[in-house]
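Notes for the one structure printed next.
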2 protein chains.
Amino acid sequence: MGDVAAAVGVSKTTISRYLHGEYGYMSDETKARIEAAIKELGYRPNRMAQGLKSTVSNMVGVTIADIGNPFSSQMLKGIQQELRARDIQLLVSDSNNDPAIERANIEALLDAQVDGLIVNTVGGNDAYLTAYCTGGEPKPMVMLDRFVRPLVCDCVATNNHEATVEMLDHVAAQGFSHVVFVTRSDRGVSTRSIRREAVERYLAGRGTSGGGASADGVLGDGTSGDVSLDEGALSGEVLVYDGGVDDLRARLAAVVGERGVGRVCLFANNEESMRDVMEAMSELDGERGHVGVCAFADERWARYSGEGITCLDQQPVLMGRTVAKALLARTYDGGDDEASVAEAIAVDGVVVAARNDGHLLCEVPAQLHIHASTRL
Amino acid sequence: MGDVAAAVGVSKTTISRYLHGEYGYMSDETKARIEAAIKELGYRPNRMAQGLKSTVSNMVGVTIADIGNPFSSQMLKGIQQELRARDIQLLVSDSNNDPAIERANIEALLDAQVDGLIVNTVGGNDAYLTAYCTGGEPKPMVMLDRFVRPLVCDCVATNNHEATVEMLDHVAAQGFSHVVFVTRSDRGVSTRSIRREAVERYLAGRGTSGGGASADGVLGDGTSGDVSLDEGALSGEVLVYDGGVDDLRARLAAVVGERGVGRVCLFANNEESMRDVMEAMSELDGERGHVGVCAFADERWARYSGEGITCLDQQPVLMGRTVAKALLARTYDGGDDEASVAEAIAVDGVVVAARNDGHLLCEVPAQLHIHASTRL
DNA sequence: CTGTTAGCGCGTTCAG
DNA sequence: CTGAACGCGCTAACAG
């Protein structure tokens, strides 16, 4: 900048003004000469120095629980779309599913002077995150896909409860009599526990309204024919596995064997579990064709997996765009006004609830795509 | 920092020394008091200010052609592994497959004072990238998965040629008589053109050594039984499509119809084309079971796609680790010495060639995984 | 063993 | 219409 100033024969101040479009009171001549000199010398302002001065770095940080997950990359895509439009840089950290790494990443991002944070927490950091958000003058934080309870900041997630119910309704309508929700253990991952609770509540509701102890799967093997409209007929259970595919296979085999082929639908919590289910079932050959499968999964892959798997697509790109919008509004647009922030976010079907604790809860609707795997 | 200094009653210099471990000549007492004060005040050094001073920001930038691609996220995972170990921050930009955006991203990353760049170019920016690398004192750049010719900087890629040949050998050995390499048009994407050339060269070579105009597929429908060792029998063609799945389906139907069912193997250039092939073939029902399919694709999905698809896995995580190692060596370890850089990188099967133009060419071996889709 | 000084590249008063 | 001077938070001589 000094070089440019010297070349033109003015002071750095004038250059600075030029750069910020404050040429209201600048002679057209100096303006032209500055422009020429800048092009001539290929000068570009140092954002780092600007940031040091202005206390705004124009950078935001994001920590991702597992960046190797394709779901994560879709969310990043959405985040980038919004940030690019506003010329904000994105610092990305992978937490590798380790809470300690996540904490270190957040600290490092703050040290780098990011203006705000997007956190896709690995779980198990609730105390830390709560302390951060309730501490003194924290930089804005928005949680993505996962969150802590009670809410301590804005949060973007799938409409997990409604989506789960929609899927279970579909499974019931297809005539399955027993659903098995397959998931790895919660380990503090809010998404898993919420879906699991939704399943349990659904089954309990059906059980009581349908009469009898449905948790034991009263209606089962004997029934046949068309029960597609009898939603009350669905029993089910939650299968938590952590021992790998062999463990899963043995337990699935037991369930399928007990319930009888052709009436059971497996509902995988995410793509990882979906793959595990696929692998486990691939060796239970005889029964495979008659066991239903569905999952929270990306439509683009579910569609071509095996026979084509019915899925709930979470629209991760839209989730990314939504979380970025929220953060930008809070960080750069003085977003103390919840209503205006909410308005900017609530598009493309996203539902925004402004809570009385001052935080926003943004739900991105999952979309149900039906394929061959849930045809009985 | 000033606050800490004031609290302890020393100067900022002393604090700075403490932070950098230069307490060789510092009284144990002040050391202890500084430590206490830092903890007390929760002080953390401002990396931005440090960078402004030291001309090293401890940040590197990466531009990704399409970050929504799961392949990209795996590469990012690998990059992160190496950067985390050295406490370097990563600025990520998505080019959205647009050369103009890619250029803007690179400029923006440089403005943010990154110490080095990883570029997964979208193609069509050869002139720009070459100008950058050959211009005055560029920050180190390493290209990832794609590159420009002639090489202007270090480069990490799959061993595309060898891998393609390995796959074609496999297809031939399985007894297929005709291979169709399916790809979208090159559009400056080096990976595609290299693989395509490898296919063409392979087929030409087989043609001449096998005798006769094999491009017409001399050996075809008539032959039957075991030809698994007669590799000379493979003919083939390159199918470039840009018109979407319907276009592709029509052209595939023509090829399969002409060649006769059961002898043709489709070789998709990447996962995207693999999905297109799957979708296109899904409606050519009668023939589907008898057409072979293989692709450059991630083993984890190829394995569960349809019947299980034979694939060349590019080990994207390893590619990311490799490119990060190369950049770190060049950027922070004064990597003017090619030999030492190469040594640090050449592990896990990565082959590093130090060229006489001073650039490193690092090839990460693709791994062939055989599944049902190439069983005749 | 520690403090003083100068300045990294820029923005921002204030005084022309 | 423009410039001088100060400071953002930190580091690196050079003095003690």
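Values in this document were obtained by computation on a predicted structure and should not be read as measured data. Below, each value reflects all heavy atoms present in this structure, side chains not excepted, and no hydrogens, waters or symmetry copies.
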Under-4.0 Å salt bridge between [X] and [Y]:
X        : Y        : result
B:Glu107 : B:Arg103 : no
A:Arg86  : A:Glu82  : no
A:Arg84  : B:Asp98  : no

Checking all strands, does [X] fall into the base, sugar-phosphate, or nothing category for heavy-atom contacts under 4.0 angstrom?
X       : result
B:Thr55 : nothing
B:Met1  : base
A:Ser16 : base
B:Tyr43 : sugar-phosphate

Inset, instruction - With the side chain of B:His20 defined as its heavy atoms from C-beta on, choose the nearest nucleotide among C:dT2, D:dT11, C:dG3. - result: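 The closest nucleotide is D:dT11.
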
Legend entry - Nucleotide nearest B:Asn46 when distance is taken to its side chain, options C:dG3, D:dT11, D:dG9: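 Side chain of B:Asn46 sits closest to D:dG9.
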
d([atom1], [X]; [atom2], [N]) in whole Å:
X        : N      : atom1 : atom2 : value
B:Asp3   : D:dC8  : CG    : C1'   : 14 Å
B:Leu52  : D:dC8  : CG    : C1'   : 9 Å
B:Leu19  : D:dA12 : CG    : P     : 12 Å
A:Gln113 : D:dG9  : CD    : P     : 9 Å

Inset, instruction - Check whether any side-chain N or O of B:Thr14 sits under 4.0 Å from OP1 or OP2 of C:dC1, and answer yes or no. - result: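 Result: no.
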
Legend entry - Residue-phosphate contact under 4.0 Å: A:Gln50 side-chain N/O, C:dG9 OP1/OP2: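 Checking A:Gln50 against C:dG9: no side-chain N or O falls below 4.0 Å of OP1 or OP2.
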
Inset, instruction - May I ask you to decide if B:Thr63's main-chain N or O and B:Ser93's side chain share a donor-acceptor pair within less than 3.5 Å? - result: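 Side chain of B:Ser93 to backbone of B:Thr63, a donor-acceptor pair under 3.5 Å: no, none is there.
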
Inset, instruction - Please determine, by modelled atom types, if A:Lys77 and B:Asn69 share a side-chain donor-acceptor pair under 3.5 angstrom. - result: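 Judged by distance alone, the side chains do not pair up.
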
Donor-acceptor pairs under 3.5 Å, side chain of residues 52-59 of chain B to any protein atom, not counting sequence neighbours: which ones?
from	atom 1	to	atom 2	distance (Å)
B:Ser54	OG	B:Gln50	O	2.9
B:Ser54	OG	B:Val56	N	3.4
B:Ser54	OG	B:Val56	O	3.2
B:Ser57	OG	B:Met59	N	3.3
B:Ser57	OG	B:Gln113	O	2.6
B:Ser57	OG	B:Asp115	OD1	3.2
B:Ser57	OG	B:Asp115	OD2	3.4

Between the protein and nucleotides 4-7 of chain D, are there any N/O to N/O pairs under 3.5 Å, and if so, what are the atom names and distances?
from	atom 1	to	atom 2	distance (Å)
D:dA4	N6	A:Thr13	OG1	2.9
D:dG7	N2	A:Lys53	NZ	2.8
D:dG7	N3	A:Lys53	NZ	2.9

Legend entry - All side chain to side chain contact (heavy atoms under 4.5 Å, CB included) counterparts of A:Ala6, not counting sequence neighbours: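 Result, side chain to side chain contact (heavy atoms under 4.5 Å, CB included) vs A:Ala6: none returned.
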
